[in-house]
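Here the structure comes first, spelled out in structure tokens, and everything after it is commentary.
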Amino acid sequence: MAGPSAAATPRRRPIPAETGPASDIHPVPRRSAAPPAALDLLAKSRAGLAEAAALDRPHERYATAHLAALRAAAAVLAARGRPETGLRRQRIRSAWELLAELAPELTEWSALFAAGAQRRARAEAGISSAATPREADDLLRDAAHFLRLVERLLALRPVQPRGPGTDETGG
């Protein structure tokens, strides 16, 4: 048998910063640097993951982690989105549908998070049975992984302090 049972040892949720830098994820084709709106959404996503990791109630942790993933998806849409040009109004589509269209390399992630949207709605409504501790922890981990992928996709690098003699490329 392996070590002590999970019931005997409290399970520690990983803090998103502990899950590693974006460089620990498989390569994703890079297209362009992210615009300011995308950077703001990514910062909000990171903050949401940190908030989710600190929450004790599983349904709250689940809803907050799902929202963080949605903000990461919105960052991709902000970076890659195209305005509608047709005169006819198109039906309203979810961010997850648009993400799969604008970033086909994230289609599986889009499907994963789209499948959890109803559970998030129940969790946000305060239904405590909407998510188990395991479901909340799994979603938190998946959302952190997704955020790192999005950061790689948008070609983000850690912000370096700028000093005299450095140019826009950091050289």
Side-chain angles (χ1 to χ4, degrees), residues 6-26 28 30 33-81 92-100 102-103 105-161:
T9 308
R11 201 167 147 189
R12 183 180 158 279
R13 288 185 299 280
I15 297 171
E18 293 176 352
T19 58
S23 62
D24 71 343
I25 305 298
H26 62 81
V28 175
R30 296 177 183 204
L39 295 175
D40 183 54
L41 287 161
L42 291 172
K44 288 178 180 175
S45 178
R46 267 185 241 102
L49 289 174
E51 179 185 349
L55 293 170
D56 290 327
R57 294 182 182 155
H59 69 287
E60 292 175 351
R61 191 164 59 252
Y62 187 96
T64 305
H66 195 278
L67 181 59
L70 184 58
R71 286 180 171 142
V76 175
L77 300 179
R80 292 194 180 177
I92 296 174
R93 298 188 300 165
S94 77
W96 302 117
E97 286 179 84
L98 293 171
L99 181 66
L102 294 175
E105 63 271 35
L106 298 175
T107 298
E108 290 180 27
W109 288 98
S110 180
L112 171 78
F113 292 116
Q118 290 295 329
R119 183 184 307 266
R120 181 181 125 219
R122 291 192 312 272
E124 286 177 330
I127 301 170
S128 60
S129 62
T132 67
R134 170 80 186 257
E135 290 165 336
D137 291 344
D138 287 348
L139 187 72
L140 178 59
R141 184 191 65 245
D142 290 342
H145 190 110
F146 178 66
L147 174 60
R148 292 192 327 264
L149 279 172
V150 167
E151 289 172 336
R152 288 277 315 264
L153 180 72
L154 298 178
L156 298 180
R157 291 170 190 86
V159 175
Q160 299 296 323

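Being a predicted model, the structure only gives us computed values, none of them experimental. Residue numbers run from 1 in the order of the sequence given.
- Between atom CG of residue L41 and atom CG of residue L147 there is a gap of 11.0 Å, rounded to the nearest 0.5 Å.
- Atom-to-atom distance recorded for L139:CG and L112:CG is 7.0 Å, nearest 0.5 angstrom.
- Annotation for P58 and A131: closest pair CB-O, 3.4 Å, computed over non-hydrogen atoms.
- Atom CH2 of W109 sits about 11.5 Å away from atom CG of L99, to the nearest 0.5 Å.
- Counting non-hydrogen atoms of other residues, nucleotides and ligands closer than 6.0 Å to CZ of R57 gives a total of 12 or fewer.
- Nearest heavy-atom pair across A52 and A65 is CB-N, 3.8 Å.
- In plain terms, the two heavy atoms of A123 and A130 that are nearest each other are N-CB, 3.5 Å.
- In this structure, H66 and F113 have perpendicular ring planes: the angle between them is above 60°, well past the 30° mark.
- Taking the charged nitrogens against the carboxylate oxygens, R46 and E151 do have a contact shorter than 4.0 Å, which makes a salt bridge.
- The stretch residues 110-120 participates, sequence neighbours left out, in these salt bridge (Lys or Arg N to Asp or Glu O under 4.0 Å) pairs: R119-E135, R120-E124.
- The closest donor-acceptor contact from the side chain of T64 to the backbone of E60 lies under 3.5 Å.
- Distance check: H145 NE2 to L49 CG gives 13.0 Å after rounding to the nearest 0.5 Å.
- Counting heavy atoms from C-beta on, the side chains of L42 and V150 come closer than 4.5 Å.
- Side-chain atoms of R61 do not come within 3.5 Å of backbone N or O of A136 as any donor-acceptor pair.
- A salt bridge links D138 to R141: one of the charged nitrogens lies within less than 4.0 Å of a carboxylate oxygen.
- Residues forming a salt bridge (Lys or Arg N to Asp or Glu O under 4.0 Å) with E51 (at least two apart in sequence, or on another chain): none.
- With rounding to the nearest 0.5 Å, the separation of OH in Y62 from CG in L55 is 15.0 Å.
- Nearest approach of L154 to A79, heavy atoms of both residues: CD2-CB, 3.6 Å.
- Taking each heavy atom of P35 and A78 in turn, the nearest pair found is CG-O, 3.9 Å.
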